[in-house]
Q: 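Before I ask anything, let me first share the structure, which is written out below as structure tokens.
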Amino acid sequence: MLEYNLPRYLPSAEELPDSDETPVDNELQELIPGLLKAILLILWAERMDWLFGIDMGIYYHPDKPPIVPDGFLSLGVERFYDEELRPSYVLWDENVVPIFVLEVVSQNYRKEYTTKLDEYEALGVLYYVIYSSRRRRKPHLEVHKLVNGKYELQEGNPVWLPEIGLGIGCERGNYCGVTREWMYWYDEQGQRYLTPAEQVKQETLRAQQETLRAQQEALRAEVAEKRVQQLAKQLKALGIDPDNLA
């Protein structure tokens with residue numbers, strides 16, 4: 001945790017603005033972190049020790065404006081406080097620095113590779129992830145890991161994040177009816193986890209296959225029963241009682 005030099009009076013999340021009132025300038029800044037959160041809601045449905053914030057202010061000092069990443073993940077925090085949920089993420093209340101922060105680069109450059117990188121580095125965020133589908137000569141995905149107080153660029157796609165127990169990467173797929181490159185979570189073998197729609201489709205297909213197998217079993221049983229009845233008739237025609245066969 002950071003060594004804070006804070007005033008004696010510290011406001012709560014309810015007393016602080018819950019947004020910097022800066023609108024997103026691209027739908028992807030909502031959809032990409034939204035997809036990552038939706039997948040986590042399936043993977044970690046039973047866990048109550050994590051929070052994935054989207055466009056939520058992270059307060060590190062009561063007299064300074066919050067840092068507002070497109071998405072961030074914190075582990076070891078309460079998933080829900082109450083039914084009103086969190087208006088913002090206040091470090092002196094949570095006592096946990098986010099372990100993962102995501103910035104989606106839009107057409108309007110917002111200093112993701114300079115100022116924000118320095119801010120997250122100073123904050124102590126372990127993984128700072130930048131995604132830009134507009135890059136042509138460099139990878140669309142950059143994963144920076146904090147090593148000895150400085151960010152080091154990690155290689156690969158996906159990149160395994162052992163402290164989180166997930167990998168992060170990007171590939172083409174379909175989400176919300178849009179086929180393009182999306183960001184996903186991956187397992188340690190590099191297999192990506194399904195989106196909610198893919199999960200439903202897979203479960204529907206599995207249910208249909210189970211129904212088909214059951215119908216096939218019932219049909220086989222019916223055919224077998226008819227064969228037994230036919231054989232019994234043939235035996236009776238020969239004067240043999242099929243019920244008293246030795």
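Only heavy atoms go into these numbers, but all of them, side chains included; no hydrogens, no water, no symmetry mates. Throughout, numbering of the chain's residues begins at 1 and tracks the sequence.
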Q: In Å and rounded to the nearest 0.5 Å, what is the CG to CE distance from Leu31 to Met183?
A: 13.5 Å

Q: What is the distance from atom CG of Leu166 to atom CG of Leu36, rounded to the nearest 0.5 Å?
A: 10.0 Å

Q: Could you tell me whether Arg180 and Glu171 have a side-chain N and a carboxylate O separated by less than 4.0 Å?
A: no

Q: Parallel under 30°, tilted from 30 to 60°, perpendicular over 60°: which one fits the rings of Tyr131 and His140?
A: perpendicular

Q: Under the side chain to side chain contact (heavy atoms under 4.5 Å, CB included) test against Phe52, which residue among Ser74, Pro98, Pro33 passes?
A: Pro33

Q: Tell me whether the guanidinium CZ or amine NZ of Arg192 lies under 6.0 angstrom from the six-membered ring centre of Tyr186 and within 45° of its axis.
A: no

Q: Tyr175 and Trp182: aromatic ring centres closer than 6.0 Å?
A: yes

Q: Kindly say whether Asp70 contributes a backbone atom to a donor-acceptor pair with the side chain of Asp55 at under 3.5 angstrom?
A: no

Q: May I have the step-by-step check of side-chain contact (heavy atoms from CB on, under 4.5 Å) for Leu51 and Arg79, ending in yes or no?
A: CA-CA 5 Å; Leu51 169 72; Arg79 179 123 161 242; over 6 Å; no

Q: Measure across Leu91 and Val96 and return the closest heavy-atom pair with its distance rounded to 0.1 Å.
A: CD2-O, 3.4 Å

Q: Could you tell me whether Arg227 atom CZ has more than 12 heavy atoms of other residues or ligands within 6.0 Å of it?
A: no

Q: Using the side-chain contact (heavy atoms from CB on, under 4.5 Å) rule, take Val129 and His144 through it: C-alpha gap first, then chi angles, then the decisive distance, then the call.
A: CA-CA 6 Å; Val129 178; His144 300 266; over 6 Å; no

Q: Mind listing the closest non-hydrogen atom pair of Tyr184 and Ile39 along with its distance?
A: CD2-CD1, 4.1 Å

Q: Between Ile54 and Lys37, which heavy-atom pair has the shortest distance, and what is it?
A: CD1-CD, 4.0 Å

Q: Out of curiosity, does Leu35 fall in the hydrophobic cluster containing Leu194 (side-chain heavy atoms, cut-off under 4.5 Å, transitive links)?
A: no

Q: Out of Glu152, Glu163, Gln154, which one pairs with Lys145 under the side chain to side chain donor-acceptor pair (under 3.5 Å) rule?
A: Glu163

Q: Is Glu121 salt-bridged to Lys116, going by a charged N under 4.0 Å from an acidic O?
A: no

Q: Might you point out which heavy atoms bring Gly57 and Val68 nearest each other, and give the distance in Å?
A: CA-CG2, 3.9 Å

Q: Name the one of Tyr113, Tyr60, Phe72, Tyr128 that satisfies ring-ring contact (aromatic ring centres under 6.0 Å, His included) with Tyr120?
A: Tyr128

Q: Have a look at Trp185 and tell me which of Trp44, Tyr193, Phe100, Trp160 forms a ring-ring contact (aromatic ring centres under 6.0 Å, His included) with it.
A: Phe100

Q: For the pair Asn157 (side chain) and Cys170 (backbone), establish whether a donor and an acceptor sit closer than 3.5 Å, ignoring hydrogens and angles.
A: yes

Q: Can you name the nearest heavy-atom pair linking Tyr127 to Ile164, along with the distance?
A: CD1-CD1, 4.2 Å

Q: Hey, can you tell me if Trp92 and Tyr59 have their rings parallel, tilted or perpendicular (30° and 60° cut-offs)?
A: perpendicular

Q: Which heavy atom in Val104 sits nearest to a heavy atom in Glu112, and how many Å separate them?
A: O-OE2, 4.1 Å

Q: Give a yes or no on whether Leu73 and Leu41 share a hydrophobic cluster (residues Ile, Leu, Val, Met, Phe, Trp, Tyr; joining criterion: side-chain heavy atoms under 4.5 Å apart).
A: yes

Q: Please walk me through it: do Val125 and Leu146 pass side-chain contact (heavy atoms from CB on, under 4.5 Å)?
A: CA-CA 7 Å; Val125 175; Leu146 196 64; over 6 Å; no

Q: Answer yes when Glu94 and Arg86 have at least one side-chain N-carboxylate O distance shorter than 4.0 Å, and no when they do not.
A: yes

Q: Between Leu117 and Val147, is there shared hydrophobic-cluster membership here, with clusters defined by ILVMFWY side-chain heavy atoms closer than 4.5 Å?
A: no

